[in-house]
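Worksheet for the structure shown next.
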Amino acid sequence: MTVVLRVEHLVKSFGGVRAVDDVGFTVGAGERVALIGPNGAGKTTVFNMLNGQLRPDHGSIQIDGVEVRGRRPRAIWRRGVGRTFQITATLPSMTVAENVQMVLLSFHRRLFDIWRPAAPRYRDQALALLDRVGMADQADRASATLAYGDLKRLELAVALASRPRLLLMDEPTAGMAPRERAELMNLTAALVAESGVAVLFTEHDMDIVFGHASRIIVMNQGTIIASGQPADIRADAEVQAVYLGSGAMFAPRPGGAA
């Protein structure tokens, strides 16, 4: 397995509070790794350091062996890191297709090419991406009118437009109905299988975590307390004590995922 993301000895403090304390892990091509933990565990701080919104105090962040620690978000994006957000970050004044075209224009460094009209540029590529997420039939619809589940699909297409090697998904199913949650994560799994992209996601829905993660990393109070396969995490006594409770509600279902 090719390691896409390698994090070593990551540290971030805010005043006297060490939000992330000596965190390290890897994510490989084709993996779907869940980063979970109680509120305040440090998950969002880790995410914000990975894509450049926060600068680490110490440690290393490598994408395909290239050090990106401390680089700006745009530079990290160009190294192959895409991200979706807990609250969707699309452009409501544009159509569905135009949202994807804007990213393609930026990715191909044509955003400020004033001599050619933008509307027809990269439309075919945008439609192909929308087709991958089941949104091609809504290409010309104003994104402001989309249902929340469709906005999440659009955001995924936008993230894929930059051809990421690593996709960061911050609570991808937040605010979605149960059926929509499963559909989005099944779609993500299919895209991972197709392209080999590495996925790191945070999520509070444990059914989603245990049903869709190939590996789980658990944080508490800024540190990693467990990492492994879903079945191992479910059975881990420390994880149960600080996050899952008895673990009974996450017991394997007949015929279900581990």
Side-chain angles (χ1 to χ4, degrees), residues 30-36 39 43-44 47-48 51 77 81-104 106-107 122-164 166-214 216 230 249-250 253 255-257:
E31 275 198 301
R32 287 168 288 145
V33 179
L35 181 65
I36 68 171
N39 291 333
K43 308 181 300 295
T44 298
F47 257 56
N48 288 339
N51 83 322
W77 176 69
V81 179
R83 181 171 179 178
T84 68
F85 294 84
Q86 180 179 355
I87 300 174
T88 54
T90 55
L91 300 171
S93 63
M94 293 185 173
T95 67
V96 169
E98 287 169 348
N99 268 269
V100 182
Q101 285 176 268
M102 284 294 291
V103 179
L104 289 167
S106 181
F107 181 70
Y122 303 109
R123 181 173 169 84
D124 288 345
Q125 290 184 37
L127 292 177
L129 284 164
L130 290 170
D131 186 58
R132 291 173 71 187
V133 301
M135 290 287 292
D137 61 339
Q138 301 193 61
D140 295 316
R141 185 175 175 182
S143 61
T145 67
L146 293 178
Y148 193 71
D150 288 337
L151 277 173
K152 288 285 191 175
R153 287 175 178 267
L154 171 57
E155 189 180 39
L156 182 57
V158 166
L160 293 173
S162 61
R163 302 175 192 169
L166 170 68
L167 179 60
L168 304 175
M169 303 180 76
D170 190 359
E171 297 196 28
T173 70
M176 300 179 76
R179 180 177 177 179
E180 290 178 322
R181 295 176 187 180
E183 288 175 348
L184 182 69
M185 296 309 292
N186 286 335
L187 173 61
T188 301
L191 294 171
V192 167
E194 173 188 325
S195 63
V197 65
V199 175
L200 179 68
F201 70 97
T202 65
E203 183 59 62
H204 284 293
D205 185 326
M206 291 299 101
D207 285 334
I208 292 295
V209 169
F210 285 107
H212 295 273
S214 52
I216 301 172
M249 64 187 298
F250 306 107
R253 298 171 177 171

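Contact detail for Ala213 and Ala34: the closest heavy-atom pair is CB-CB, 3.8 Å. Taking both residues in full, the closest heavy atoms of Ala126 and Gln101 are given as CB-CG, 3.8 Å, listed atom of the first, atom of the second, then distance. Ala159 approaches Leu167 most closely through the heavy-atom pair CB-CD1, 3.7 Å. Closest approach of Ala161 and Leu104 over heavy atoms only: O-CD2, 3.6 Å. Shown here for Pro172 and Leu184, the closest heavy-atom pair between the two residues is O-CD2, 3.4 Å. Looking at every heavy atom in both residues, Leu168 comes nearest to Phe47 through CB-CE2, 3.7 Å.
Remark: Met135 CE to Leu156 CG distance equals 11.0 Å, nearest 0.5 Å. In this structure, Ile208 CD1 and Ile36 CD1 are separated by 13.0 Å, a value rounded to the nearest 0.5 Å.
With a 4.5 Å cut-off on side-chain heavy atoms, Met176 and Leu151 do not count as touching. His204 has its side chain within reach of Lys43: a pair of non-hydrogen atoms, C-beta onward, lies under 4.5 Å apart. Looking at heavy atoms from C-beta onward, Val100 lies in side-chain contact with Leu154 at the 4.5 angstrom threshold. Side-chain atoms of Leu191 and Val197, non-hydrogen and from C-beta on, never get closer than 4.5 Å to each other. Contact annotation: the side chain of Tyr122 never approaches that of Val103 to less than 4.5 Å [non-hydrogen atoms, C-beta and beyond].
Of the possible donor and acceptor atoms, none in the side chain of Lys152 sits under 3.5 Å from a partner among the backbone N and O of Thr173. Using a distance-only test at 3.5 Å, with no hydrogens or angles considered, a donor-acceptor pair links the side chain of Ser143 to the main chain of Met94. Using modelled atom types, no side-chain atom of Thr202 and backbone atom of Leu35 make a donor-acceptor pair closer than 3.5 Å.
Within the structure, salt bridge (Lys or Arg N to Asp or Glu O under 4.0 Å) contacts touching residues 136-151 (residues at least two apart or in different chains) are Arg123-Asp140. Applying the side chain to side chain donor-acceptor pair (under 3.5 Å) definition to pairs two or more places apart or across chains, those involving residues 184-199 are Arg132-Glu194. Applying the salt bridge (Lys or Arg N to Asp or Glu O under 4.0 Å) definition to pairs two or more places apart or across chains, those involving residues 181-193 are Arg153-Glu183, Arg179-Glu183, Arg181-Asp205.
Remark: Glu180 pairs with no residue by the side chain to side chain donor-acceptor pair (under 3.5 Å) rule, at least two apart or across chains. For Arg32, the side chain to side chain donor-acceptor pair (under 3.5 Å) criterion is met by no residue, not counting sequence neighbours. Every residue two or more places apart in sequence or in another chain that forms a side chain to side chain donor-acceptor pair (under 3.5 Å) with Ser162 is listed here: Trp77.
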